[in-house]
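Some notes on the structure that comes next.
By convention in this document, chain letters (A, B, ...) are assigned in the order of the sequence lines, proteins followed by strands, and residues within each chain are numbered from 1. Just so it is clear, the structure is predicted and the values come from calculations on it, not from any experiment.
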Amino acid sequence: MSPNPPERLERRSIISGIGQSDVGRRLGRGELDLTLDACLKAIGDAGLTRDDIDGLATFPGAGIGTSGFAGPSTPEVQDALRLRLNWHDGGLEGPGQLRAVFAACLAVAAGLARHVLVYRTVTESTAQGEGGRQGIGGAGGGRGVPRFSGVMQWTLPYGAVSAANWLAMIAQRRMNEFGLTREQLAWIALNGRRNAARNPKAVYRDPMSLDDYLAVRMISTPLCLYDCDAPCDGSTAVVVSHADYARDTPSTACHVNAIGTALRGRPSWDQFDDMTTFSARDAAASMWERTELRPSDVDVAELYDGFSILTMVWLEELGLCGKGESGPFVEGGSRIALDGAVPLNTSGGQLSAGRLHGFGMLHEACVQLRGEGGERQVRNTPEVAAVAAGGGPIAGCMLLTRGLS
Amino acid sequence: MTAPGAARGPAVRVLPRLDGTNRFFWTSGEDGRLRFLRCTACRHYVHPPVPRCPYCLDGSMVPEPVSGTGVVHSFTVNHQQWIPGSDPYVIGLVTIAEQEDVRLTTNLVDCAPDDVHIGMAVEVTFEQAEDVWLPLFKPAEQLP
Ligand SMILES: [Zn+2]
């Protein structure tokens with residue numbers, strides 16, 4: 001340990017406000033409409049007005065991916081709110097969905113902005129209903145199918161078209177190396193559904209049993225339908241402010257203690273060195289390198305479950321259980337329950353509460369640190385929350401604390 | 001030959017757009033050989049193709065044939081109708097025998113899905129589609 005460790009600049013930032021629109025299946029509302037709902041709630045929650053907002057960021061920015069995936073661009077939101085910005089950022093490349101939040105933390109730390117509004121909006125459920133998210137080759141196939149360049153050329157010819165396929169191979173590898181079973185993996189979905197029953201905004205709230213899980217159809221072995229998150233409509237926003245605003249926030253400020261951004265293996269779904277971890281390994285390691293807190297300090301964990309297997313990877317790589325031991329750790333569901341050692345995905349996660357694409361995890365971490373979880377509040381209001389988003393070669397994580405630590 | 005219980009791949013093969021960088025790879029199977037770029041200086045194989053060797057940043061990159069054998073690093077049987085009309089097919093991740101950090105996403109064929117396993121020895125077999133020869137992998141012939 002050097003006598004004067006470098007200052008961790010992200011600690012100059014807090015989450016001063018949170019907001020979320022309605023969340024649901026096929027809400028039929030426009031993406032900007034939902035976004036403004038979430039943004040205005042977050043600004044008000046932070047005790048601010050739009051005149052105070054001088055920074056704006058989103059992930060991934062407009063025009064990315066399939067219909068309903070990207071949400072509105074920062075120029076659209078800026079103009080809709082007539083914001084006067086000192087700093088703005090939107091983009092896809094970076095350490096996962098939270099990259100926009102990390103960028104905002106560093107912007108306020110650097111003095112480029114004081115209050116940054118950060119949002120993530122999806123309308124994938126409505127887009128699906130309109131036929132906007134179709135399988136490849138649906139329009140005739142054969143010679144009419146467009147050809148592909150870039151990284152997709154290496155997977156599309158083989159029908160490896162979805163993250164579900166790539167992550168299924170992670171799960172298969174983990175079954176081989178660590179003896180993971182479907183009966184264990186199921187507990188990510190079962191725990192999510194159990195918590196979703198206590199979250200009025202969750203998309204799926206009906207009880208789910210292990211038998212239900214084992215009986216549902218396969219997507220890509222060993223991942224079944226309930227291992228894949230539920231497309232939804234919804235927008236989540238947070239205000240990232242300079243830490244010296246913490247004393248003035250109407251709600252408890254959530255302090256950013258450390259961010260994890262590393263990607264030390266090859267940035268590739270099929271060439272990464274360790275198939276069982278992918279870059280969650282690097283993001284988690286780099287986060288722990290930036291803090292005196294230890295995994296045993298984590299009181300609540302909101303770990304990305306776009307696919308159930310990713311939560312298992314995050315549990316291990318964040319050190320919340322032993323390497324290769326996430327299967328036995330989650331089995332039975334008691335350790336990850338609201339009253340367990342590591343309360344996990346307390347709002348239901350993306351599997352049951354809806355695919356808010358990482359920002360739902362961040363929102364819920366703040367809800368728990370603020371003690372506003374209602375029926376699903378973890379007892380003895382948590383002081384340290386771990387948030388992780390992404391998986392494969394795209395991953396980021398952060399530690400939030402109630403008060404300074 | 002299609003093994004019982006699985007197709008050789010999706011109902012529609014979405015093909016790569018051939019260009020000066022990838023043409024050697026996607027047409028390599030025309031003579032039945034699998035090729036990768038190999039560095040003339042440090043002799044590493046490199047995939048996907050890049051103009052400069054990422055190991056030594058020095059040598060020239062030249063396509064060179066490999067044995068076509070490898071090992072299944074992981075796999076999945078796809079059931080979802082991403083590509084309508086597809087029967088279940090096996091997606092595999094194969095590490096080539098020559099170098100453990102070179103992998104191909106592919107389809108595993110001529111083998112029942114239940115018999116596919118991690119560590120299985122496989123060898124390349126090509127499927128021609130228009131001007132592309134897709135490298136697929138099947139169980140390796142047993143040595144006598
Ligand atoms: Zn070289």
Nearest heavy-atom approach of B:W82 to A:A164 is CZ2-CB, 3.8 Å

Looking at B:H47, B:H73, B:E127, which makes the most heavy-atom pairs under 4.5 Å with chain A?
B:H73

Roughly how far, to the nearest 0.5 Å, is the OG1 atom of B:T105 from the CE atom of A:M169?
5.0 Å

More than 12 heavy atoms from other groups under 6.0 Å of CD on B:Q128
yes

I'd like to know if the side chain of B:N78 reaches the main chain of A:S220, judged simply by a donor and an acceptor atom lying under 3.5 Å from each other, with no hydrogens or angles considered.
no

To the nearest 0.5 Å, what is the distance between OG on B:S74 and CZ on A:R174?
11.5 Å

Closest approach of B:L134 and A:P157, non-hydrogen atoms and distance?
CD2-CB, 3.7 Å

Heavy-atom neighbours of B:R52 CZ exceed 12 at 6.0 Å:
no

Which bit of A:D273 is near chain B, if near means a heavy-atom gap under 4.5 Å: side chain, backbone, both or neither?
backbone

Using a cut-off of under 4.5 Å on heavy-atom pairs, state which of B:P48, B:G119, B:G92, B:S86 scores highest against chain A.
B:P48

Any donor-acceptor N/O pair, B:R17 side chain to A:F148 backbone, under 3.5 Å:
no

Quick one: do A:R147 and B:D19 make a salt bridge, cutoff under 4.0 Å?
no

Let me confirm one number: the CH2-CZ distance from A:W269 to B:R103, rounded to the nearest 0.5 Å.
13.5 Å

Give, as side chain, backbone, both or neither, the part of B:V102 having an atom under 4.5 angstrom from any heavy atom of chain A.
backbone

Tell me, side chain or backbone of B:F75 under 4.5 Å from chain A's heavy atoms, or both, or neither?
both

Report the C-alpha distance between B:I83 and A:V161 in whole Å, list the side-chain angles of each, state the deciding distance to 0.1 Å, and finish with yes or no for side-chain contact (heavy atoms from CB on, under 4.5 Å).
CA-CA 9 Å; B:I83 299 172; A:V161 304; 4.0 Å; yes

If you measure from CD on B:Q80 to CG on A:L225, what distance do you get to the nearest 0.5 Å?
8.0 Å

State whether the side chain of A:R217 and the backbone N or O of B:H79 hold a donor-acceptor pair below 3.5 Å, judged by distance alone.
no

Would you say the side-chain atoms of B:Y89 pair up with the backbone N or O of A:G159, donor to acceptor, closer than 3.5 Å?
yes

Show the numbers, then the answer: is there a side-chain contact (heavy atoms from CB on, under 4.5 Å) between B:T76 and A:W166?
CA-CA 8 Å; B:T76 179; A:W166 311 328; over 6 Å; no

Intermediate values then yes/no, side-chain hydrogen bond (donor to acceptor under 3.5 Å, both in side chains), B:D101 and A:Q271:
CA-CA 7 Å; B:D101 67 350; A:Q271 309 294 332; over 6 Å; no

Please state whether the side chain, the backbone, both or neither of B:H117 comes within less than 4.5 Å of a heavy atom of chain A.
neither

Between CG on residue B:L93 and OH on residue A:Y158, distance to nearest 0.5 Å:
12.0 Å

Return the orientation label for the A:W154 and B:W26 ring planes: parallel under 30°, perpendicular over 60°, tilted otherwise.
parallel

